[in-house]
Amino acid sequence: MSIRLPITVVAAGLLAGGQTVIENPTLCDDARAALRMAEALGATVRTDGGGMTITGGLAPRGTALDAGESGLALRMFSAIASLCEREIT
């Protein structure tokens, strides 16, 4: 599986108005960074069994994002962060 797919799905889950269910997710370091960034930007992530549910909504909980070493997550979630009314670094 491409490393891009889980990061893209997490970003879509953040931006979606409702719930996004991911079955059998691939959780590499980059995907974990994307999940942390989505949570920092307002998503709720719940894991259960072999899947996870992302409840979306852009409501930042802080002013900082940490992409770890994931360039794709940095590029994708910094663009999403620009949609927020307050400054996020």
Please name the pair of heavy atoms, one in [X] and one in [Y], separated by the smallest distance, quoted to 0.1 Å.
X     : Y     : answer
Ala81 : Leu41 : CB-CD2, 4.1 Å
Phe77 : Leu14 : CE2-CD2, 3.9 Å
Ile80 : Ala11 : CD1-CB, 3.8 Å
Val10 : Ala38 : CG1-CB, 3.7 Å
Pro25 : Met52 : CG-CE, 3.9 Å
Ala43 : Ile54 : CB-CG2, 4.0 Å

Legend entry - Interatomic distance, Glu39 atom CD to Leu65 atom CG [nearest 0.5 angstrom]: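 Going from the CD atom of Glu39 to the CG atom of Leu65 covers 12.0 Å.
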Legend entry - Separation between CD1 of Ile7 and CZ of Arg32, rounded to the nearest 0.5 Å: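 One gets 12.0 Å once the value is rounded to the nearest 0.5 Å.
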Legend entry - Whether Thr63 side chain and Thr89 backbone form a donor-acceptor pair below 3.5 Å: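 Looks like no, no N/O pair under 3.5 Å.
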Legend entry - Test side-chain contact (heavy atoms from CB on, under 4.5 Å) applied to Ala67 - qualifying residues, sequence neighbours left out: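 For Ala67, the residues satisfying side-chain contact (heavy atoms from CB on, under 4.5 Å) (neighbours in sequence not counted) are Met37, Leu74.
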Legend entry - Qualifying residues under side-chain contact (heavy atoms from CB on, under 4.5 Å), relative to Thr44, sequence neighbours excluded: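 Checked Thr44 against side-chain contact (heavy atoms from CB on, under 4.5 Å); matches are Thr55, Arg61.
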Inset, instruction - Using the rule that two of Ile, Leu, Val, Met, Phe, Trp, Tyr join whenever any of their side-chain heavy atoms come within less than 4.5 Å, decide whether Leu83 and Met76 are in one cluster. - result: yes
Inset, instruction - Treating Ile, Leu, Val, Met, Phe, Trp and Tyr as nodes and any side-chain heavy-atom pair under 4.5 angstrom as an edge, say whether Leu35 and Val21 lie in one connected cluster. - result: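 Leu35 does not cluster with Val21.
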Legend entry - Within-4.5 Å side-chain heavy-atom neighbours: Asp29 and Ser70: no
